[in-house]
Structure formats: C-alpha cells, structure tokens
Protein chains: 2
Amino acid sequence: MAIKDWLPAAVRAAATERRLTAGEALFRLGDKTAGLCEIVAGRVRLARVDRDGHEIVLHVAGPGDTIAEASLFSPQYHCDAIASTDAVVRIYPKRAVLSAFDRDPKAALAFSATLARQVMGLRTRIEQRNIRSARERVRNYLALNAGADGRTVTLTGTLKDVAAELGLTHEALYRTLAALERVGEIRRAKHMITVARPRRV
Amino acid sequence: MAIKDWLPAAVRAAATERRLTAGEALFRLGDKTAGLCEIVAGRVRLARVDRDGHEIVLHVAGPGDTIAEASLFSPQYHCDAIASTDAVVRIYPKRAVLSAFDRDPKAALAFSATLARQVMGLRTRIEQRNIRSARERVRNYLALNAGADGRTVTLTGTLKDVAAELGLTHEALYRTLAALERVGEIRRAKHMITVARPRRV
DNA sequence: CGGCGTTTTGAGAGAGCTCAACATCGGTGG
DNA sequence: CCACCGATGTTGAGCTCTCTCAAAACGCCG
C-alpha cells in the first residue's frame with residue numbers, strides 16, 4: 001500500500017525530504033512530532049532505550065514503509081528513530097495530513113483502510129511465528145503468498161530477505177527448501193517457487 | 001483500547017449480539033461483510049483454508065479484541081471467522097460505523113488512532129519474536145512492560161498467558177524466570193515481577 | 001475436602017543455530 | 001574480455017537450547 005494511494009496530492013506536495021547518515025537520529029523519544037514519515041531509501045529502526053542503556057528495537061523499516069503513523073495523534077514521539085544505514089526519508093507535515101483528513105472524510109477513511117490492512121498483515125505474521133517447525137513455517141509462507149493459481153510464489157527479494165521475514169536463519173531456509181525440493185513437494189526456478197502437489201495434507 | 005473509547009455512542013447502540021458455539025462460523029470467506037466485530041467472551045479464530053484443505057490460522061482473538069476492522073472497507077470477508085470456544089460477539093453494522101465516520105471526522109480520526117496504536121504494538125511484538133533466546137525474550141518483555149519506575153511489571157493474567165504472548169512454552173518461561181531469580185536479576189511476588197538491578201547491561 | 005488448572009521441576013531428544021568452507025552470480029575496472 | 005570482488009546461495013558438522021513428555025506440589029473454588 002503505497003503512500004500515493006491514499007495520501008491526497010496536496011499533502012504529498014508539502015513533503016520535505018531529509019538525508020540521514022548511518023547512526024543519525026531522525027527523531028528522539030520526547031521530541032515534538034513532525035509528521036508522517038516515509039522511508040525512501042535505506043533502513044531506519046525504531047527503538048527505545050531501557051534503564052540499563054540497552055536498546056530495544058521495536059521495528060525496522062525499509063524503503064516504501066511508513067513510520068510514525070501514531071505520531072499524528074500524539075504531541076511527542078514515543079521512541080527513537082535511528083538510521084541503521086545511510087537513508088533518505090520523506091516527511092509529510094502532521095498539520096497538513098490532519099487537516100486533509102478533517103476536510104476530506106474520504107481521505108481519513110482511506111488512511112484507516114491502509115492501517116486496517118497493515119493490522120491484518122501483522123497479525124498474520126505474528127501467527128506465523130507461532131509455528132516452530134521451519135518446514136511448516138515455509139509451507140505456511142508458500143500457501144499464504146501463492147499467486148492466483150495457489151501454487152506459484154514469486155520472490156520479490158532475495159532468499160535472505162525471505163528468511164528474515166520468516167524469522168529463520170538463511171541457512172535453515174536453504175536447507176528446508178532443498179529438503180522440500182528433494183521430496184518433490186516444491187519445484188524451484190529463478191525467483192519462483194512452485195508447490196508441486198496441491199490438494200494434499 | 002476499548003471500543004467505547006472511540007466508537008460513537010450512537011453506533012454502539014446499533015450493535016447486535018450473537019452467540020456462537022465452538023466450531024460455529026461467524027462468517028466465511030466471500031460472505032458479504034456485516035460490520036465491525038467485538039469479541040465479548042470466548043475465542044474466535046480468523047483462518048483461511050488452502051488448496052490442500054489445510055487451515056491456516058491468521059489470528060486468534062479473545063475478549064475485548066476487535067476483528068474485521070478491514071472488512072469496513074471491503075464488500076466481502078477475506079477469511080473465515082470460526083469460534084474456537086463457545087463465544088459471544090457484538091457486531092457494529094458497517095453502515096452505521098462508516099456513516100458516523102463520514103459525519104464526524106473526529107470519530108474517523110479516533111478510529112485511525114486506535115489502528116495506528118495497534119500497528120505499533122504488533123510491530124513491537126513481531127520484533128520481539130526475532131529474539132531467539134528465552135532469557136533475552138523475557139528480559140525484553142520485562143523492559144517493555146515495566147511500570148513507571150521502569151523496574152516493576154504487574155502481571156495481568158497468568159504466567160501461562162504471558163508464555164503464550166511471548167511465544168514460549170509455559171515450562172520454558174517458568175524455568176527462565178526461576179533462573180533469573182536464582183542469579184538475582186529479578187524478584188518475584190504475587191502477580192508482580194521486579195527487575196533487581198536496573199542500569200546494568 | 002475434593003477437583004481442576006496453574007506452577008514447578010526433571011530427563012531426553014530433536015531442531016535450528018553457529019561456525020565454517022565453498023560455489024555461484026553479478027557487477028567493476030583494468 | 002577477463003580477473004577480481006562482494007553478496008548471495010549452499011552444504012557440512014557440532015552444539016546449545018527449547019520443546020516434549022512426565023510427574024508432582026500448589027492454590028483456588030465449589
């Protein structure tokens with residue numbers, strides 16, 4: 001769900017861009033909230049620092065992700081945002097966003113819709129993490145990401161990325177895929193995995 | 001974030017209640033969407049059935065949770081909702097909710113705010129699941145749920161519930177807590193856990 | 001008092017992680 | 001065009017850690 005699909009053009013035009021070097025803070029806990037933030041390039045992590053000075057990562061956002069949605073409704077940030085790599089972000093001023101929502105209920109609803117969709121997706125991912133077995137987790141992933149035919153999954157990124165999304169080490173993923181291919185449950189091609197025998201348990 | 005905190009009273013009044021027996025479907029994939037649903041009692045799972053006839057659980061909701069937020073923006077349900085136990089649910093008709101949002105931007109924004117907060121919480125939980133070690137996961141949980149003093153965590157439910165939330169078996173949680181207590185890192189009282197030595201790594 | 005669910009501890013096994021070596025691929029520059 | 005290099009992909013071996021199965025103490029409620 002890209003920003004441009006729901007944020008009015010007028011608001012998008014009001015955005016400012018900012019460049020961050022690795023380790024630089026986009027904002028800190030307690031700062032006055034500026035607005036919605038879209039990651040254009042690089043990685044930005046949201047984190048809190050506990051009493052021990054230990055950093056607790058809440059989320060890692062990459063290109064296309066938005067962060068600080070909740071900041072629209074809060075005067076201060078509730079955590080730190082630190083660039084993990086050199087990064088470029090685009091900031092949509094809070095006031096512009098909120099007033100657009102106020103004037104245009106459609107836009108507000110569209111925003112709600114994207115959030116509701118995000119909630120769905122995140123809940124699905126959490127449920128996926130409850131699966132212990134690497135094999136089952138991969139099966140789940142394939143079933144959930146299968147295309148229209150219900151059998152073919154097109155890989156957007158690298159297998160390493162998939163492994164991270166699944167919460168597995170890349171080695172474990174490679175092995176599991178190899179094992180599934182060995183028993184004929186899947187077939188693999190470049191950037192594509194096909195489940196060989198649907199309709200089976 | 002309880003429903004009554006953001007849903008206008010007029011909409012709440014329009015709600016209907018429904019009683020489900022274990023295994024009964026609240027709705028099925030493809031059904032026309034009725035509205036927002038709040039779980040009053042029992043457990044309801046959201047699931048999809050894949051080509052193999054295998055059920056993929058997307059989410060399990062308990063009392064106080066809302067489900068089908070995204071259904072407000074879709075004509076049909078995208079998954080099944082099945083009662084895992086006998087359950088009672090309250091349904092807020094889609095039309096009433098949407099028209100309330102349309103009339104009252106404040107209500108729409110309040111809805112967005114709860115969703116944004118949910119997204120935050122869910123992302124945090126996902127990040128937590130990336131922690132492999134039971135001990136680290138428990139530390140993370142304690143740090144994240146500490147009260148105002150940053151050292152004391154008050155348990156709302158049973159330890160078994162906490163274990164489920166952490167994605168650990170209850171045995172693993174008991175053992176980990178016992179170990180942490182043994183080395184003096186935490187102290188435990190009835191429904192309360194205190195981190196003994198803050199400001200340490 | 002009796003029963004049920006939570007809490008606790010024990011022992012064993014399996015599964016994924018870690019460390020390590022190597023193959024493969026794509027891009028870069030000479 | 002080819003050598004080089006870094007990142008991705010792949011496989012091996014050992015080890016740690018959690019899960020599983022089991023049994024028992026504990027606490028709460030009827």
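Remember, predicted model here, so these are calculated numbers, not experimental data. Letters A, B, ... mirror the listed sequences (proteins, then strands); counts begin at 1. Just so you know, these numbers use all the heavy atoms, side chains as well, and skip hydrogens, waters and symmetry mates.
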(Q) Check this one for me: any side-chain N or O of A:Lys190 less than 4.0 Å away from OP1 or OP2 of C:dG26? (A)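 Yes, such a contact exists.
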
Q. Is it true that A:Glu69 and B:Arg123 have a side-chain N and a carboxylate O under 4.0 angstrom from each other?
A.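 Answer for the salt bridge query: yes.
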
Q | B:Arg125 bridged to B:Glu165 by N-O distance under 4.0 Å | A |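 Between B:Glu165 and B:Arg125 there is no salt bridge, as every charged N stays at least 4.0 Å from the carboxylate O atoms.
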
Of the nucleotides [options], which has the atom closest to the [X] side chain?
{"X": "B:Thr169", "options": "D:dT20, C:dT6, D:dT18", "result": "D:dT20"}
{"X": "A:Ala134", "options": "D:dT18, C:dG16, C:dT7", "result": "C:dG16"}
{"X": "B:His170", "options": "C:dC17, C:dT7, D:dT18", "result": "C:dT7"}
{"X": "B:Glu171", "options": "C:dT6, D:dA22, D:dT10", "result": "D:dA22"}
{"X": "B:Ala172", "options": "C:dT7, D:dC19, D:dT8", "result": "D:dC19"}
{"X": "A:Thr158", "options": "D:dT20, C:dT7, D:dG9", "result": "D:dG9"}

Q) Considering residues at least two apart in sequence or located in another chain, which fulfil the side-chain hydrogen bond (donor to acceptor under 3.5 Å, both in side chains) criterion with A:Arg45? A)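 With sequence neighbours excluded, A:Arg45 shows a side-chain hydrogen bond (donor to acceptor under 3.5 Å, both in side chains) to A:Glu55, A:Ser84, given in chain and number order.
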
**Q.** By side-chain hydrogen bond (donor to acceptor under 3.5 Å, both in side chains) - contacts of A:Thr33 (at least two apart)
**A.**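 A:Thr33 satisfies side-chain hydrogen bond (donor to acceptor under 3.5 Å, both in side chains) with A:Lys94 once adjacent residues are dropped.
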
For [X] and [N], what is the distance between atoms [atom1] and [atom2] respectively, to the nearest whole Å?
{"X": "B:Leu173", "N": "D:dC17", "atom1": "CG", "atom2": "P", "answer": "17 Å"}
{"X": "B:Leu168", "N": "C:dG16", "atom1": "CG", "atom2": "C1'", "answer": "15 Å"}
{"X": "B:Asp161", "N": "C:dT7", "atom1": "CG", "atom2": "P", "answer": "8 Å"}
{"X": "B:Ile193", "N": "C:dT7", "atom1": "CD1", "atom2": "P", "answer": "11 Å"}
{"X": "A:Arg137", "N": "C:dG16", "atom1": "CZ", "atom2": "C1'", "answer": "10 Å"}
{"X": "A:Leu166", "N": "C:dG16", "atom1": "CG", "atom2": "C1'", "answer": "14 Å"}
{"X": "B:Leu159", "N": "D:dG27", "atom1": "CG", "atom2": "P", "answer": "14 Å"}
{"X": "B:Leu155", "N": "C:dT6", "atom1": "CG", "atom2": "C1'", "answer": "13 Å"}

Q.
Please classify the nucleic acid contact of A:Arg175 as base, sugar-phosphate, or nothing, using heavy-atom distances under 4.0 Å.
A.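 If one applies the 4.0 Å heavy-atom cut-off, A:Arg175 turns out to touch a base.
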
Q) With sugar-phosphate meaning primed atoms plus P, OP1 and OP2, does B:Arg188 contact a base, only sugar-phosphate, or nothing at under 4.0 Å between heavy atoms? A)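 It contacts sugar-phosphate atoms only.
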
(Q) Determine whether A:Glu24 and A:Arg18 satisfy the following criterion, salt bridge (charged side-chain N to carboxylate O under 4.0 Å, His left out), listing intermediate values before the conclusion. (A) CA-CA 11 Å; A:Glu24 189 180 351; A:Arg18 183 167 161 197; 3.5 Å; yes

